[in-house]
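For reference, the structure discussed in these notes is given below.
Convention: sequence-line order gives letters A, B, ...; per-chain numbering from 1.
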2 protein chains.
Amino acid sequence: MSVSGTSEVNRFIAGHTPSPETRPNVNLSDCPSRLVLEHVTSRWGVLVLAALLERSYRFSELRREISGVSEKMLAQTLQTLERDGFVHRDAKPVIPPRVDYSLTALGRQAAEQVWALARWAEGSLPEVFAARSAYDGVRV
Amino acid sequence: MSVSGTSEVNRFIAGHTPSPETRPNVNLSDCPSRLVLEHVTSRWGVLVLAALLERSYRFSELRREISGVSEKMLAQTLQTLERDGFVHRDAKPVIPPRVDYSLTALGRQAAEQVWALARWAEGSLPEVFAARSAYDGVRV
DNA sequence: CAGAATCCGTACCGATACTG
DNA sequence: CAGTATCGGTACGGATTCTG
C-alpha cells in the first residue's frame, strides 16, 4: 500500500488543475479518501453531523447546541458539508429568515460512520489517558 | 445531546489546568472523544495508522511510504500516537540507529476504525464529487 | 539513520462589525 | 434570523540545518 498527501494533489483531484499532464510526480492514485475525511472529521464537522443525526436544526439552534462554535465556522462547516452532499439546506423565504439543516441519505451514512468512530474513541478514553500519564511520567 | 469544543476545554481535560474550580462555564462533560479523534483523524495520523495496519515500519520506510510527509510532521505524529498508546516504538541500540514502529492492541483497534471510515469515504467519492460539481455549477 | 531545533510563511480561526 | 466581510493573533506545518 502506498499513501500520499499533498496540497497539490488535493487541488488536482478536486478538479481545479486544468491540464492533467502537469500532475506532480507523487503517487496520488492512492487515498483520495482524505478529500472527504478532512471534512467529515474536521473539528466542527463531527459535531454538526452528530447533532443532525438525531434531528434537523436551524442555524441558531445548532449554534447553541454546539457550544463554542463561532458563526463564521458554523456557516463555513455547513457550506462545506452541503457542497459535499451530506447536508441539505432548506431556506424558507420568510421574514425573518428561517433555514433548516438536515442530513441527506449520504450524510446520514457519513454521520453514522463518524458517530461509530466517536463512540469507540469515547470508550477508549480511559486507556488513552492512562497511556498519556505513563508517557508523560517517564518523559519528565 | 449537547456537544462542545473549546481549546480551554481540551486543556482542562488534558490535565494541564491545576485548579478544577476555574473551569469555564461551557458544558464540557460531553464529547471529550474529540481529544482522541483529533489525533487519529489528523492528516498524517490516518496515513500512519493505515500503513502500520499491514506491517511494522522503520522511520525512513514510513517516510517513503507516506509520500509528502516531512520528517518533522512524521516524528510529531508518531510521538503523539505513541503517547496516546496507539503506536509502539522499538528503538534498537545499534549504530546506525534503527527504530521500528508498530501498532499496539489499542492502536490496531484505532487503525481498523479509521480504516473502515476511510474505506467508506473512498466508496462515496463519486457521489461526493458529483455533489460538488452540482453545487459549484449552480453557484457560478 | 533517526531525530531535534530553528526559522518563517500561511492558513486557520475567533472576534467584531455589518447586511438583507 | 441567518448569514457575509474584514481584521488580526496564533498555531500549524514545510524547509533547512544540526546532532548522537
### Task
Map Pro97(A) and Ala75(A) onto DNA chain D by nearest heavy atom, then report which one ends up closer to the 5' terminus.
Pro97(A)
## Note on the structure
Leu74(A) atom CG is separated from dC1(D) atom P, nearest whole Å, by 14 Å
### Query
Does the side chain of Ser102(A) reach to within under 4.5 Å of the side chain of Leu52(A), using non-hydrogen atoms?
no
### Query
Taking side chain as C-beta onward, heavy atoms only, is Asp90(B) less than 4.5 Å from Val99(B)?
no
### Task
Compare every heavy atom of Val36(A) with every heavy atom of Phe86(A), then report the nearest pair and how far apart it is.
CZ-CG1, 3.8 Å
## Note on the structure
The residue, Arg98(B) or Glu71(A), whose nearest nucleotide of DNA chain C is more 5′ is Arg98(B)
#### Entry: Distance in angstrom units between Asp90(B) CG and dC1(C) P, rounded
18 Å
### Query
What nucleic acid atoms does Arg89(A) come within less than 4.0 Å of, heavy atoms only: base, sugar-phosphate, or nothing?
sugar-phosphate
#### Entry: Check ion pair Arg83(A)-Asp136(B) (N to O, under 4.0 angstrom)
yes
### Query
Does a side-chain N-to-carboxylate-O contact under 4.0 Å join Arg55(A) and Glu61(A)?
yes
### Query
Within this structure, what is the OH-to-P distance between Tyr101(A) and dA2(D), rounded to whole angstrom?
8 Å
### Query
When we call it a touch if two heavy atoms are under 4.0 Å apart, what does Glu61(A) touch: a base, just sugar-phosphate, or nothing?
nothing
### Salt-bridge criterion met for Arg132(B) and Glu127(B) (N-O under 4.0 Å)
no
### Task
Take the protein atom CD of Gln79(A) and the nucleotide atom P of dG3(D), then report the distance between them rounded to whole Å.
8 Å
### Query
How many Å lie between CD1 on Ile95(A) and C1' on dT19(C), as a whole number?
13 Å
### Query
Closest to the Arg58(B) side chain: dT4(D), dC1(C), dT17(D)?
dC1(C)
#### Entry: Nearest-angstrom distance from the residue atom CG of Leu62(B) to C1' of dC1(C)
14 Å
### Task
Using whole Å, report how far CG of Leu78(A) lies from P of dT4(D).
10 Å
### Query
Quick one: salt bridge (charged side-chain N to carboxylate O under 4.0 Å, His left out) pairs with a partner in residues 106-120 of chain A, sequence neighbours left out?
none
Can you check nucleotides 7-13 of chain C for protein contacts, nitrogen or oxygen pairs under 3.5 Å, and list what you find?
from    : atom 1 : to       : atom 2 : distance (Å)
dC13(C) : N4     : Lys72(A) : NZ     : 3.2

